[in-house]
J.: 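One structure follows; several queries about it will come next.
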Amino acid sequence: MTPGEYKNGGKDLRIAYHFDSTRLGEILIASTGKGVCYLAFVSQQAAALKELKALYPKAAFRGEKNRRHAQALRFLFKNNKGSGRIALHLKGTAFQLKVWRALLRIPLGELASYSSVAKGIQKDKAVRAVGTAIANNPVAYLIPCHRVIQASGLFGQYRWGEAKKTSLIGWEAARIFR
DNA sequence: GGAAACGCGGAGT
DNA sequence: ACTCCGCGTTTCC
């Protein structure tokens, strides 16, 4: 995976998006020429699209299902380690990118705590900052923010609801036995 | 540039 | 169970 960086409002950026329904629920996925830049679970399409556009206010959007989307969706259905090479194109601060990269190292079916992630990037005391950075992960699932739980064992918060987090973790736990 | 807000943790009660 | 404080980074005045 090759996370890029993007610091401005997405000007000169062309973003293709489309909605799809998967066995994990309805999603909105978007990509630039360089990689997937957004993936979110959707409850209302209009609101979801608005959130995406807020992230890249100056970009040009168009609805289109393309090969990159299809590849990412395949990953959702059969993500074993072998197929895990999806290009990502991310907009984030240096700290956020560091945190997100750390998440990519958590294997399917495994869990990490917010504090272990903080230690992993040599920021032992930045636990809370790590939580915030994870919360702002723009690419749900591909960057497995749902695999990070509280040190106590409680699952903790999730952007799309704790119930969603629970079902993702359960689904992955089941997958590793197949 | 300061305050407030955060997907937390730990130590208290 | 619930509070209270500290923590690092980002975002909003």
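Naming: A, B, ... by sequence-line order, numbering from 1 per chain. From a predicted model like this one, the values you see are computed outputs, not experimental measurements.
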J.: Whole-Å distance between B:dG7 P and A:Gln150 CD?
T.: 12 Å

J.: So, does A:Trp160 use its side chain to make a donor-acceptor pair with the main chain of A:Ser43 at under 3.5 Å?
T.: no

J.: Distances under 3.5 Å only, N/O to N/O: pair up the protein atoms with those of nucleotides 5-9 of chain C.
T.:
from: C:dG6; atom 1: O6; to: A:Arg128; atom 2: NH1; distance (Å): 2.5
from: C:dT9; atom 1: OP1; to: A:Lys123; atom 2: NZ; distance (Å): 3.0

J.: Strictly distance-based, threshold 3.5 Å: is any side-chain N or O of A:Asn137 a donor or acceptor partner for the main-chain N or O of A:Ile143?
T.: yes

J.: With a 3.5 Å distance limit and no angle check, can you tell me whether A:Lys164 reaches the backbone of A:Leu24 through a side-chain donor-acceptor pair?
T.: yes

J.: Between A:Glu172 and A:Ile169, is there a donor-acceptor pair closer than 3.5 Å when you use the side chain of the first and the backbone of the second?
T.: no

J.: For A:Leu111 and B:dC8, give me the distance from atom CG to atom C1', rounded to whole Å.
T.: 16 Å

J.: Between the side chains of A:Glu64 and A:His69, does any donor sit under 3.5 Å from an acceptor?
T.: no

J.: Could you tell me if A:Gln157 and A:Gln150 have a donor-acceptor pair between their side chains, going purely by distance under 3.5 Å?
T.: no

J.: Using atom CD of A:Gln157 as one end and atom P of B:dA5 as the other, report the distance to the nearest whole Å.
T.: 17 Å

J.: Is any side-chain heavy atom of A:Leu111 closer than 4.5 Å to a side-chain heavy atom of A:Val148?
T.: no

J.: Identify all stems in which DNA chain B takes part, counting only runs of at least 3 consecutive pairs (Watson-Crick or G-U wobble, each distance under 3.5 Å), and give each as one range with another, ordered by first number.
T.: B:1-6 with C:8-13, B:8-13 with C:1-6

J.: Just the table, please: protein N/O against nucleotides 10-13 of chain B N/O, every pair under 3.5 Å.
T.:
none

J.: Say you draw a straight line from CG of A:Leu108 to CD1 of A:Ile176; how long is it, rounded to the nearest 0.5 Å?
T.: 6.5 Å

J.: On a plain distance test, is the side chain of A:Tyr114 in donor-acceptor contact with the base of B:dG7 below 3.5 Å?
T.: yes

J.: If you take all heavy atoms of A:Pro138 and A:Leu90, which pair is closest and at what distance?
T.: CG-CD2, 3.9 Å

J.: OH of A:Tyr158 versus C1' of B:dC6: gap in Å, rounded?
T.: 18 Å

